[in-house]
There are 2 protein chains.
Amino acid sequence: MAGSGTRERILEASLRLFNDEGVAAISAHRVAAELGISPGNLHYHFKTKQAIVERLFMRFEGRLVPCIDATASVTALDDLWLSLHLNFEAVSEYRFIYRDISYFLNEFPALEARSHALTARNVIAAEALCAGLAAAGVIEASAEDVQMLALQLVFTTTCWFTFKRLISPHQPAGRHADAALAAYYALTLLGPYVVGEARDYLNYLRAKYLR
Amino acid sequence: MAGSGTRERILEASLRLFNDEGVAAISAHRVAAELGISPGNLHYHFKTKQAIVERLFMRFEGRLVPCIDATASVTALDDLWLSLHLNFEAVSEYRFIYRDISYFLNEFPALEARSHALTARNVIAAEALCAGLAAAGVIEASAEDVQMLALQLVFTTTCWFTFKRLISPHQPAGRHADAALAAYYALTLLGPYVVGEARDYLNYLRAKYLR
DNA sequence: GTCTATATGCGGATAGAC
DNA sequence: GTCTATCCGCATATAGAC
C-alpha cells in the first residue's frame with residue numbers, strides 16, 4: 001500500500017494546491033513541478049488528473065462521514081456546535097470540492113452521484129440531529145421547521161466558506177481557523193427556536209464571537 | 001450605440017451559454033460558432049473573453065441594483081417576499097456569475113472589487129429591510145438578530161441556486177421558474193421572528209409551497 | 001520508478017485580405 | 001464588418017530510454 005511515498009506526496013501536494021488556487025487553475029505539470037518530479041513520473045502514478053481528484057474525493061467522503069454520523073448522542077446545543085465545528089473543519093480541509101461546485105460537477109461527472117449521495121446523507125443526519133434537540137426540549141420546532149433547519153444547516157456548512165470570499169478579502173493560504181466562527185454562524189439559524197437554559201449557552205457564544 | 005447588432009447578439013449568446021454550461025466551459029470559438037460568425041469577427045467586437053464577461057457583469061449590476069434599492073417601502077412580509085423573488089430572478093438571469101464564485105474571481109480579478117461592493121450593498125439593503133419590518137412590528141428581532149438575518153438572506157440569494165445542484169438533478173437549460181420557491185425558502189429564515197397577523201401570510205405560503 | 005522528449009489538441013489572440 | 005489563415009502557449013497524455 002505504502003510502497004511508494006511518491007503517490008502519497010502527489011495526493012498531498014494536489015490537495016494543497018487545489019485548495020489554495022482552485023482545481024481549475026492547477027495543471028498536472030504544476031503539481032509535478034511543486035514536488036520536483038517530472039510530469040512523466042506523475043503520469044506513472046496517476047494516469048489522469050481526474051484520477052487524482054477522484055481519489056481525493058473518496059478521502060473527503062471518509063473524512064466527512066464520521067463527522068455527520070457521530071451525531072446520535074446530540075442532546076445539547078454545544079454538542080451541535082461541536083458537530084458543526086468538526087463538519088466545517090472537514091469541508092475546509094477539502095474546500096476545493098465545494099469551491100466551484102458547478103465546475104467541479106461538470107468536469108468530473110463521475111462524482112456527481114457521489115456528491116448527491118453525500119449531501120443527502122448530510123441532510124438526513126442534520127434532520128435527525130434537529131429532531132433530537134426538539135425531543136430533548138432544547139428547541140421548540142415543528143416537523144416542518146426541523147426539515148427547513150436541516151436544509152439550512154447543510155447549505156451553510158457546504159457553501160459558507162465559498163460565500164465568505166464575497167464579503168471579506170480572499171484568505172491567502174492555509175487559513176481555515178475560522179471553523180469555530182462558522183459554527184457559531186450556523187448555530188444562529190437555530191437561535192430563535194431555542195428555549196430554556198440553552199439560551200444561556202447561546203448568549204455565551206454571542207459574547208465570544210460578536211465583535 | 002446600436003450600430004452593430006452583432007455586438008448585442010454576442011452578448012446575448014455568451015450570457016446564455018455561460019449560464020447553461022459555465023463560463024469556464026465556453027470558449028470564444030464556441031460563442032462564435034453558436035452565432036455562425038468567425039472567431040475573427042468576434043474578436044473585432046470584443047478583444048478578449050474577459051471584455052465580454054465584464055460587460056455582462058456590468059449589466060448584472062444594472063439589473064440587480066434596482067431590485068435591492070427599491071426596498072424603502074417594505075413594511076409587510078409579502079413585500080419582502082416580492083423583493084426576494086425579484087432578487088432571485090436577477091441572480092438567475094446572470095447565474096454564471098455566482099455559479100463558480102472562486103473561479104470567477106480568480107479568472108477576472110478586475111471584478112473582485114465590484115463583486116465585493118455589490119454584495120456589501122446587498123447586505124446593507126437587507127439590513128434596512130429587516131430593520132423596517134422590525135420597526136413595523138412584523139418581526140420581533142434585536143439589532144444583532146437583524147444583522148444575522150440580513151447576512152443569511154444575502155447568502156441565500158447569492159448561493160442557493162448553486163447549492164441546489166447538490167440536492168436535485170441538474171436543470172437542463174433555461175429553467176429558472178423556481179425563483180418563487182427560492183423566495184419562500186429564504187423567507188422561512190424570518191419565520192420564527194414573525195409575530196402578529198403576518199403569521200397568516202406565512203401559513204398561506206407554506207400551504208402553497210410545502211409538498 | 002523516474003527521467004527526457006514529444007504528440008496532439010484547444011483556447012486566446014492576431015494579421016491581413018475582402 | 002466579416003472572413004480565412006495562423007501564431008502562440010498551455011494542458012493532457014504518451015513513448016521510450018535509464
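Predicted, not measured: the structure shown is a model, and the values here were computed from it. Order of the sequence lines sets the chain letters (A, B, ...), proteins ahead of strands, with each chain counted from 1.
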Among the nucleotides D:dG1, D:dT4, C:dT2, which one has an atom lying closest to any side-chain atom of B:H45?
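Out of D:dG1, D:dT4, C:dT2, the nucleotide with an atom closest to B:H45's side chain is D:dG1.
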For [X], side-chain hydrogen bond (donor to acceptor under 3.5 Å, both in side chains) partners two or more places apart:
X: B:S168; value: none
X: A:D78; value: none
X: A:T119; value: none
X: A:E61; value: A:R114

Rounded to whole angstroms, how far apart are [atom1] on [X] and [atom2] on [N]?
X: B:K49; N: C:dT14; atom1: NZ; atom2: P; result: 16 Å
X: A:F46; N: C:dT2; atom1: CZ; atom2: P; result: 12 Å
X: A:E107; N: C:dC10; atom1: CD; atom2: C1'; result: 13 Å

Check nucleotides 14-18 of chain D against the protein and report each pair of N or O atoms closer than 3.5 Å, with its distance, or say if there are none.
unit_1, atom_1, unit_2, atom_2, d
D:dT14, OP2, A:H43, NE2, 2.9

Inter- and intrachain pairs under side-chain hydrogen bond (donor to acceptor under 3.5 Å, both in side chains), touching residues 142-154 of chain B, at least two apart
A:T188-B:Q152, A:R206-B:E144, B:S142-B:D145
Would you say the rings of B:F161 and B:F88 are close, in the sense that their centroids are separated by under 6.0 Å?
yes
Considering only heavy atoms, which members of residues 25-33 of chain B lie under 4.0 Å from some atom of DNA chain C?
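DNA chain C contact set from residues 25-33 of chain B: B:S27, B:A28, B:H29.
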Strictly below 4.0 Å: does A:N41 bring a side-chain N or O up to OP1 or OP2 of C:dG1?
no
Taking only side-chain nitrogens and oxygens of B:Y44, does any of them come within less than 4.0 Å of OP1 or OP2 of D:dG1?
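Looking at the OP1 and OP2 atoms of D:dG1, one of them is under 4.0 Å from a side-chain N or O of B:Y44.
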Taking only residues two or more places apart in sequence or in another chain, which ones pass salt bridge (Lys or Arg N to Asp or Glu O under 4.0 Å) with A:R59?
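Expected list: A:E8.
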Enumerate, atom names and distances included, each donor-acceptor pair closer than 3.5 Å involving a side-chain atom of residues 23-37 of chain B, sequence neighbours excluded.
unit_1, atom_1, unit_2, atom_2, d
B:S27, OG, B:R30, N, 3.2
B:R30, NH2, B:E21, OE1, 3.3
B:R30, NH2, B:E21, OE2, 2.6
B:E34, OE2, B:R16, NH1, 3.3

